[in-house]
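Side chains are part of it too, since the values below use all heavy atoms of this structure and drop only hydrogens, waters and symmetry mates. As the structure is a computational prediction, the values presented were derived from the model and not from experiment. A, B, ... follow the sequence lines: proteins, then strands. Residue 1 opens every chain.
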There are 2 protein chains.
Amino acid sequence: MGVLRRLPLCVTKKNMDKLILNNYFHSLFPIQKETVENITETFCDFAMEKNTTLLDKNAISTKTYFLEKGYVRSYILNEDNEEITTNIYAAPCFVNDFLSFFKKQPTKEIYQTITDCSFWETSLENVQKNFHNIPEFREFSRLLFVINYSKLNDRVIEMASEKAETRYINLLKQQSHIFQNVPLKIIASYLGITDSSLSRIRKEIGKI
Amino acid sequence: MGVLRRLPLCVTKKNMDKLILNNYFHSLFPIQKETVENITETFCDFAMEKNTTLLDKNAISTKTYFLEKGYVRSYILNEDNEEITTNIYAAPCFVNDFLSFFKKQPTKEIYQTITDCSFWETSLENVQKNFHNIPEFREFSRLLFVINYSKLNDRVIEMASEKAETRYINLLKQQSHIFQNVPLKIIASYLGITDSSLSRIRKEIGKI
DNA sequence: TCAAGCACTTGACAAATGACAAGAAATTAT
DNA sequence: ATAATTTCTTGTCATTTGTCAAGTGCTTGA
């Protein structure tokens with residue numbers, strides 16, 4: 001808390017470059033500019049090329065990632081060694097394996113970039129410091145959980161109640177940009193079907 | 001913060017009766033007895049008969065519920081007016097529509113008791129007070145989110161990668177008590193299949 | 001105790017989706 | 001630019017699951 005505050009060595013972009021990151025906070029929750037800057041002060045940025053592993057299976061996630069630009073997915077390998085995409089992340093959003101990060105457990109999923117990506121990251125130590133010291137950050141964190149839980153819940157409902165064609169149409173309506181940036185085979189497994197089935201569905205409906 | 005603290009009128013059980021509720025906190029997280037008692041002091045208890053609606057569709061959830069005894073489910077009505085069970089809750093656990101409770105939005109799902117149930121409830125006001133004043137409660141809350149998110153994520157993975165028969169076998173292995181307490185038609189829609197299909201699967205496998 | 005309703009099973013057939021293989025189209029590397 | 005690789009499409013056929021309808025048996029309430 002002294003007058004001299006050492007900036008983390010990894011800060012390679014100036015504060016102004018945190019525009020997208022900081023705006024993400026403002027977009028979710030009424031929060032003061034200074035509070036956000038305080039929260040994101042210790043975030044470090046890095047970039048990754050497409051098809052690169054951000055977090056491997058069985059690793060313990062030590063970072064929370066903010067995806068500033070690009071597309072990321074998480075996937076598992078089933079017993080036949082086929083990749084099943086469990087989630088697709090489109091910037092701007094946080095990418096976080098909650099169980100691994102907060103409970104220090106090995107991840108079940110592999111997190112990989114789909115396109116070239118830029119990220120900001122922060123450590124559990126920083127998250128904890130902010131969580132316990134900044135009431136607005138606590139609210140923001142919980143809101144992130146609520147939103148993510150709710151999205152996942154919607155997906156479970158869809159998987160249990162809609163057929164593949166409807167799920168495809170919904171995704172197309174809600175996130176058509178994914179179809180311009182993510183290979184269809186990845187989208188297919190995200191929808192819970194094979195790429196052949198997706199191809200047939202697209203043929204019947206008339207594609208994009 | 002005065003010396004006189006008014007006990008909530010709805011406290012109908014003595015503190016000792018909060019054993020199951022309080023133990024739930026201890027089972028998830030190392031936390032002091034006094035801290036838990038402080039947190040649950042404002043919880044009120046009530047009971048409901050089987051097949052009773054706890055939280056109706058489009059309502060705004062003003063309470064967080066702790067299910068002390070019994071089984072609860074959440075379900076939606078699809079476009080054909082069929083009930084799709086989205087979640088089955090087995091005591092002891094918290095039952096909470098996160099989106100509705102924390103963002104004050106109308107629920108998409110209906111929450112209904114499957115068996116006779118007993119609950120503890122608390123208000124958003126109390127949750128907020130504890131969340132911002134008791135660090136251990138913040139950690140507990142976040143842990144609840146992490147656990148719930150992770151369970152839901154496992155279910156999405158299962159729905160996308162396993163066929164109905166495997167999903168049935170997994171549920172039987174992990175929560176066989178559900179089959180003794182929840183009608184098969186509810187379990188079927190929870191597994192994302194019809195009751196006819198579940199019946200056939202059970203016939204092939206050899207039932208319980 | 002009896003009737004009514006509900007849960008569960010089963011059969012016949014239909015629809016949706018998967019498995020596999022081959023080929024076309026697009027992308028990437030050299 | 002060309003070759004290699006990957007992605008996407010399509011055909012055939014098998015499997016899974018759904019739909020509908022009928023029938024059995026269990027609960028529940030008057």
Distance, rounded to the nearest Å, where [X] contributes [atom1] and [N] contributes [atom2]:
X: B:Asp116; N: D:dT28; atom1: CG; atom2: P; result: 11 Å
X: A:Leu184; N: D:dT6; atom1: CG; atom2: P; result: 17 Å
X: A:Lys185; N: D:dT5; atom1: NZ; atom2: P; result: 15 Å
X: B:Phe179; N: C:dC8; atom1: CZ; atom2: C1'; result: 14 Å
X: A:Arg202; N: C:dT17; atom1: CZ; atom2: P; result: 16 Å
X: A:Glu82; N: C:dT17; atom1: CD; atom2: C1'; result: 14 Å
X: B:Gln180; N: C:dC8; atom1: CD; atom2: P; result: 13 Å
X: B:Lys203; N: C:dG11; atom1: NZ; atom2: C1'; result: 8 Å

Could you check whether B:Tyr24 and B:Phe66 have their ring centres less than 6.0 Å apart?
yes
Distance flag, aromatic centroids of A:Phe98 and A:Tyr149, threshold under 6.0 Å
no
State whether A:Tyr190 and A:Arg73 meet the cation-pi test: NZ (Lys) or CZ (Arg) under 6.0 Å from the six-membered ring centroid, and within 45° of the perpendicular axis.
no
Distances under 3.5 Å between protein N/O atoms and the N/O atoms of nucleotides 16-18 of chain D, please, pair by pair.
from, atom 1, to, atom 2, distance (Å)
D:dT16, OP1, B:Lys163, NZ, 3.0
D:dT17, OP1, B:Ala164, N, 2.8
D:dG18, OP2, B:Thr194, N, 3.2
D:dG18, OP2, B:Thr194, OG1, 3.3
D:dG18, OP2, B:Ser197, OG, 2.5

Does atom CD of A:Gln32 have more than 12 heavy-atom neighbours, drawn from other residues, nucleotides or ligands, at distances under 6.0 Å?
no
Neighbour count above 12 (heavy atom, 6.0 Å) for A:Glu125 CD
no
Spatial distance of atom OG1 (B:Thr35) from atom CD (B:Glu37) [nearest 0.5 Å]
9.0 Å
